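A, B, ... follow the sequence lines: proteins, then strands. Residue 1 opens every chain. None of these values were measured; they are calculated from a predicted model.
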Number of protein chains: 2
Amino acid sequence: MVDPQARFEELTKKLRERGCRMTPQRVALLRLLTSAEDHPSAHQLYERLREQFPTTSLATVYKTLSLLYDMGEVLELGFGDHEARYDANRPDEHPHLICLRCWKVIDGRSSLLPNQVQEVAEGSGFQVTGHRLDLYGLCPDCQASEGA
Amino acid sequence: MVDPQARFEELTKKLRERGCRMTPQRVALLRLLTSAEDHPSAHQLYERLREQFPTTSLATVYKTLSLLYDMGEVLELGFGDHEARYDANRPDEHPHLICLRCWKVIDGRSSLLPNQVQEVAEGSGFQVTGHRLDLYGLCPDCQASEGA
DNA sequence: GTGCTTGCAAACAGTTTGCAGATAG
DNA sequence: CTATCTGCAAACTGTTTGCAAGCAC
């Protein structure tokens, strides 16, 4: 959907404009984020980053992720009882499909219409600024291996 | 929407049928849950329970909550970075409105239509078994006191 | 009496923070 | 040169677990 290379350059540019420094670790993390297709967790990113930088730490990953999050450049999918997943390719709000067995996360097809959002909030007096729609179920792989 | 007394009796009955014991603490917690209008957190329930049972513990609250959860009788709204909220009055799936300032949680008006859910999952091969829709924003109280 | 429940404390997972040394600009 | 970043360890929050004593049935 999004060209990884273009997104990488966009993020790099925005970070530089913010006065951030592009350390090798950070560059590698941006590469991982923009080329990831699987909504990785901080820990997964850490594992992948460690292949290139064996001494890197989880804290470094978290620090850059929260930096990007504050800039609105990464979507954070927090769950109550699992590690959060990150999406730096489509920082706009969109639905996700989450497999309850293997915990795979993929993007949903369409998005919620603004008037639907208003409908849900109607009568509440809420001033709605954002939303999140998650569908839970079984991914194709896990349906196939069900019961195993 | 739901009669607290009727819901209380329903939960009591289902727990008994499961072979669970109705201790005074548990009865009080069921009362709190069925009469709560505000989607309380485990900690809030604990505080309220402690007014009647000063020596009760958070663990007890969690244990009964997860028991109800396993029975499908309570909705758990987990967040990545705040305590989970519980709704034992409407264990069916329905949208919620969440205030980002005071963290108030109220029920949304309408529900997602099954064909909308299918639309989002279309082409993914996912077998969808559930969903969750949260709207974020400012509640009326917090809009009034904004900037304070 | 049996075994589920309580309540305490300790463990736990994911995330955040503090800080000294390293390094990008 | 200086401010940011790294990487380690320790702190932190919300939740879960182990276990001995208590209590519902």
Side-chain angles (χ1 to χ4, degrees), chain A residues 11-30 32-33 39-71 74-86 103 105, chain B residues 11-30 32-33 39-71 74-86 103 105:
Chain A
L11 285 180
T12 303
K13 181 161 163 280
K14 287 189 177 173
L15 282 167
R16 276 196 205 284
E17 284 169 359
R18 238 198 179 219
C20 293
R21 300 193 175 159
M22 298 307 296
T23 64
Q25 292 93 326
R26 189 165 280 179
V27 171
L29 184 56
L30 291 181
L32 287 175
L33 276 169
H39 302 72
S41 66
H43 195 86
Q44 287 173 324
L45 290 165
Y46 165 64
E47 292 292 350
R48 295 172 199 177
L49 191 57
R50 217 159 44 148
E51 290 170 16
Q52 302 169 59
F53 300 90
T55 67
T56 204
S57 76
L58 248 179
T60 299
V61 174
Y62 275 112
K63 280 167 187 166
T64 293
L65 283 174
S66 73
L67 177 62
L68 291 172
Y69 181 79
D70 291 343
M71 293 165 64
V74 74
L75 215 61
E76 184 185 56
L77 293 179
F79 301 96
D81 46 0
H82 295 261
E83 25 179 24
R85 302 306 204 87
Y86 297 88
W103 214 245
V105 177
Chain B
L11 286 180
T12 304
K13 181 160 162 281
K14 287 188 177 173
L15 283 167
R16 276 196 205 283
E17 284 169 0
R18 237 198 179 220
C20 294
R21 302 195 173 156
M22 298 307 296
T23 64
Q25 292 94 326
R26 190 165 278 179
V27 171
L29 183 55
L30 290 182
L32 287 173
L33 277 169
H39 302 72
S41 66
H43 195 86
Q44 287 173 324
L45 290 165
Y46 164 64
E47 292 291 353
R48 294 172 200 177
L49 191 56
R50 216 158 44 148
E51 291 170 13
Q52 302 169 59
F53 299 90
T55 67
T56 204
S57 78
L58 247 180
T60 299
V61 173
Y62 275 112
K63 280 167 187 167
T64 293
L65 282 174
S66 74
L67 176 62
L68 291 171
Y69 182 78
D70 291 342
M71 294 166 61
V74 74
L75 216 62
E76 183 185 56
L77 293 178
F79 302 96
D81 46 0
H82 295 262
E83 25 180 25
R85 302 306 203 87
Y86 297 87
W103 215 243
V105 177

Round to a whole Å and report the spacing from [atom1] of [X] to [atom2] of [N].
| X | N | atom1 | atom2 | answer |
| --- | --- | --- | --- | --- |
| A:Leu29 | D:dG7 | CG | P | 11 Å |
| B:His82 | D:dT13 | NE2 | P | 13 Å |
| A:Leu58 | C:dA13 | CG | P | 13 Å |
| A:Tyr69 | C:dT15 | OH | C1' | 14 Å |
| A:Asp81 | C:dC12 | CG | P | 18 Å |
| A:Tyr62 | C:dG14 | OH | P | 7 Å |
| B:Leu49 | C:dT6 | CG | C1' | 11 Å |
| B:Glu47 | D:dG14 | CD | P | 12 Å |

5'-most by nearest nucleotide on DNA chain D - B:Glu83 or B:Cys20:
B:Glu83

Between [X] and [N], is there a side-chain N or O to OP1/OP2 distance below 4.0 Å?
| X | N | answer |
| --- | --- | --- |
| B:Arg26 | C:dT6 | yes |
| A:Thr23 | D:dT6 | yes |
| B:Thr60 | C:dG7 | yes |
| B:Ser57 | C:dT6 | no |
| B:Gln25 | C:dG7 | yes |
| B:Arg16 | D:dC25 | yes |

Starting the side chain at C-beta, find the nucleotide from [options] nearest to [X].
| X | options | value |
| --- | --- | --- |
| A:Lys63 | D:dG7, D:dT17, C:dA24 | D:dG7 |
| A:Met22 | C:dT17, D:dT15, C:dG25 | C:dG25 |
| A:Ala59 | C:dT15, D:dA9, D:dA24 | D:dA9 |
| B:Arg21 | C:dT2, D:dT4, C:dG14 | C:dT2 |
| B:Thr56 | C:dT15, C:dG7, D:dG14 | C:dG7 |

Taking only Lys NZ, Arg NE, NH1 and NH2, and the carboxylate oxygens of Asp or Glu, determine whether A:Glu17 and A:Lys14 approach each other closer than 4.0 Å.
no

What do you reckon, is CZ of B:Phe53 surrounded by more than 12 foreign heavy atoms closer than 6.0 Å?
yes

Parallel, tilted or perpendicular: which describes the rings of A:Phe79 and A:Trp103, with under 30° parallel and over 60° perpendicular?
perpendicular

If you find the nucleotide of DNA chain C closest to B:Pro54 and the one closest to A:Ser66, which residue's nucleotide is nearer the 5' end?
B:Pro54

Give, for atom CZ of B:Arg26 and atom OG1 of B:Thr12, the distance between the pair rounded to the nearest 0.5 Å.
11.0 Å

Please give me the minimum heavy-atom distance between A:Met22 and A:Leu30, naming the atom from each residue.
CE-CD1, 3.5 Å

Sub-4.5 Å side-chain heavy-atom contact between B:Leu67 and B:Cys20:
yes

